[in-house]
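We name chains A, B, ... by the order of the sequence lines, and we start the count at 1 in each one.
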Number of protein chains: 2
Amino acid sequence: MSDATILKKIDRQKSEMSEAERKVASFILNNAHLVPNMTTKDLSEKAGASEATVIRFCKTIGIGSYKSFKLMLVKELSNTSIDVNDFSLLQSKDSPYELFNKVTHVNRGALEAAVSALDRRELDKAIDVFLEADSILFYGVGGSGAAAADGHYKFAKLGFRTTMTPDFHFMLSVAAHLKKGDVFVGISTSGKTKDVLELARFAQVRGATVIAITNVGKSPLYKEADIVLGTPMVEHENRIGSIASKMVQMNMIDALYVAVFHRIGLSLEEPCKKAGETADRLKR
Amino acid sequence: MSDATILKKIDRQKSEMSEAERKVASFILNNAHLVPNMTTKDLSEKAGASEATVIRFCKTIGIGSYKSFKLMLVKELSNTSIDVNDFSLLQSKDSPYELFNKVTHVNRGALEAAVSALDRRELDKAIDVFLEADSILFYGVGGSGAAAADGHYKFAKLGFRTTMTPDFHFMLSVAAHLKKGDVFVGISTSGKTKDVLELARFAQVRGATVIAITNVGKSPLYKEADIVLGTPMVEHENRIGSIASKMVQMNMIDALYVAVFHRIGLSLEEPCKKAGETADRLKR
DNA sequence: GGATTAAATGAAATAAAGTTTCTTTTCCGC
DNA sequence: GCGGAAAAGAAACTTTATTTCATTTAATCC
């Protein structure tokens, strides 16, 4: 049932693409099975565009690199892949259980796509920055607030000085004290949320490093941040809002946490163990 | 286990390979899902062999190039399911990117397992109860706080009277006003968290329906709740704490939200649409 | 038992592919 | 027509895959 997720997406987005990108899209739609064995050069020649356009095309459809795009395409063509955009959700007379399965399916698909959206070098940079950070601000509102709060929680557990509240004005006050070496993590699916953007800019002016967790592609936050941790573009039923994007954001926070933990882990073990005994006793 | 043709082939040929190639084979067999995102360099380092050996390995198993090998592997892997307990996480010299992949993989696996942990009748019951609920309390602490907060947020969006704060004493005060027909949603992975258990019991005494989102199995919460939405037991690196359990909890909240939305959806559309215009304008 | 050859391996060189940057072009609003 | 923004390609650059070559290891034969 769920064949052709990326292809579908390409078809849908095609009309909004620039001319050169649309040429690439057309070729792919007509010759999908050939693409996994083609290089950017091949594809650019066949489509009648430049190699750079091929790369741009990938970002436009929300995938981090041409390589990732090929991987996803192969998965899809081998035809059991998950349809991230399979939001036929709210349609018919679905039972709760069926809905549960669909939701789970969509969330799984989003995580699958998450790997393709991330640039490993950006991640490396992010971890380095975290390790040097004196204090960290997480900020996200609405659906992205959950990920921000989770980041706050997790990094606090690691011993960082970290702050997060959904209150814009409060955050503004805190951000005013940011300095070089500090980190501001802005989380926004679309990258267009005004509050997040403004705070990010402010943090940047103050000299802090801005890390964005946002969709690959035409996200303003994507362009302005110092370091971008890309999330895949997941279509959403506009009546529900995107439920899957929260998953990939949380997943990113998990990864940041694990990676940072991994690097400072040893030095943490002792104090943690000692605290652990007391903590266990206090835990209710 | 699914019939993995290349992997099987590798396993079969392994005994006849040279030492270095066998190392490569072993790594691939143990970490197949990571390989498509690895370069020859990555793989050679992880396997403890040279890049040249990786290429030779591909030829040995009868595949012309490393790239082709990866393509075939992806095709094959897209048909196999994930091992939830594959927590080879935090192994020595993992790069952030590798950790990201592993984390993502584990989270995906957890979601995959989530389907089998849930009893559909319990879910049906839960939805019915929500639809009749006068007010809803969500409660979870620590890692489970995120899911509780998300439930709070989502059901508020649906127009429910809902409350959630991690403050036990505050919740106690609120729970004192619960009555028959109200709902208390307790979230705890282990089901042993004292605060959650006590609050759940209190809510039950007050006549509210207690819904638990907790691990299937030896969870006290599981036994005492009126309705249990089971989550799968996911092994966790005890040094990290379970990161995946949060995912399945959130997924459950998503499903509840979508299912409830689905049932009351039509009646909501009008007010939502009207509010939507104003809301869009206000959104920053 | 030492010389000889073949197989196995990794280091380094090379080739190919992917990505970024910079410049040019095109188009739009003034 | 001019200034600025968006789009596109050419070229520079980086990364990745592959080949070549030198070294090691182990077995084989006088």
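- The backbone N or O of A:Met233 sits less than 3.5 Å from a side-chain atom of A:Lys9, completing a donor-acceptor pair.
- Within residues 58-71 of chain B, the residues having any heavy atom closer than 4.0 Å to DNA chain D are, in order of number, B:Lys59, B:Ser65, B:Tyr66, B:Lys70.
- Between A:Arg263 and A:Asp128, at least one side-chain nitrogen of the basic residue sits less than 4.0 Å from a carboxylate oxygen of the acidic one, meeting the salt-bridge criterion.
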Legend entry - Stepwise salt bridge (Lys or Arg N to Asp or Glu O under 4.0 Å) test for A:Asp254 and B:Lys102: CA-CA 11 Å; A:Asp254 286 346; B:Lys102 287 184 180 181; over 6 Å; no
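- Applying the ring-ring contact (aromatic ring centres under 6.0 Å, His included) rule to B:Phe27 yields no partners; only residues at least two apart in sequence or on another chain are considered.
- Contacts of residues 32-43 of chain A with DNA chain C (heavy atom under 4.0 Å): A:Thr39, A:Thr40.
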Inset, instruction - Test side chain to side chain donor-acceptor pair (under 3.5 Å) on A:Ser144 and A:Gln249 and set out the steps. - result: CA-CA 8 Å; A:Ser144 304; A:Gln249 288 168 354; 3.2 Å; yes
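- The aromatic rings of B:His105 and B:His33 lie parallel to each other, with less than 30° between the two planes, well short of the 60° mark.
- For B:Phe100, there are no ring-ring contact (aromatic ring centres under 6.0 Å, His included) partners at least two apart in sequence or on another chain.
- Of all nucleotides in DNA chain C having an atom under 4.0 Å from a heavy atom of chain B, the first and last in 5' to 3' order are C:dA8 to C:dA17.
- Side-chain atoms of A:Arg206 come within 3.5 Å of backbone N or O of A:Ala176 as a donor-acceptor pair.
- Each end of the helix from C:dG1-D:dC30 to C:dC30-D:dG1 yields a helix axis from five base pairs, and these two axes differ in direction by 10° (to the nearest 10 degrees).
- Among residue pairs with one or both ends in residues 129-138 of chain A, those qualifying as side-chain hydrogen bond (donor to acceptor under 3.5 Å, both in side chains) are A:Asp134-A:Lys179; sequence neighbours excluded.
- Judged as a salt bridge (Lys or Arg N to Asp or Glu O under 4.0 Å), not a single pair has a partner in residues 10-32 of chain B (not counting sequence neighbours).
- More than 12 heavy atoms of other shown residues, nucleotides or ligands fall within 6.0 angstrom of atom CE in B:Met17.
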I'd like a list of close polar pairs between nucleotides 24-28 of chain D and the protein, N/O only, cut-off under 3.5 Å.
none

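- The residue A:Arg121 sits close only to the backbone: its heavy atoms come under 4.0 Å of sugar-phosphate atoms, none of a base.
- The aromatic rings of A:Phe57 and A:Phe69 sit perpendicular to each other, their planes meeting at more than 60°, with 30° as the lower class boundary.
- Counting heavy-atom neighbours within 6.0 Å of A:Lys223 NZ, excluding the residue itself, gives a total above 12.
- Partners of B:Glu45 by salt bridge (Lys or Arg N to Asp or Glu O under 4.0 Å), not counting sequence neighbours: none found.
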Legend entry - Nucleic acid footprint by protein, nucleotides 7-12 of chain D - heavy-atom cut-off 4.0 Å, B for base, S for sugar-phosphate alone: SBBB--
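- Of all the heavy atoms in B:Thr60 and B:Gln13, the pair that sits closest is O-NE2, 3.3 Å.
- Among residues at least two apart or in separate chains, salt bridge (Lys or Arg N to Asp or Glu O under 4.0 Å) pairs with a member in residues 113-126 of chain A are A:Asp119-A:Arg121, A:Arg120-B:Asp42, A:Glu122-A:Lys125.
- Contact between A:Ile187 and A:Val196 at its shortest, heavy atoms only, is O-CG2, 3.9 Å.
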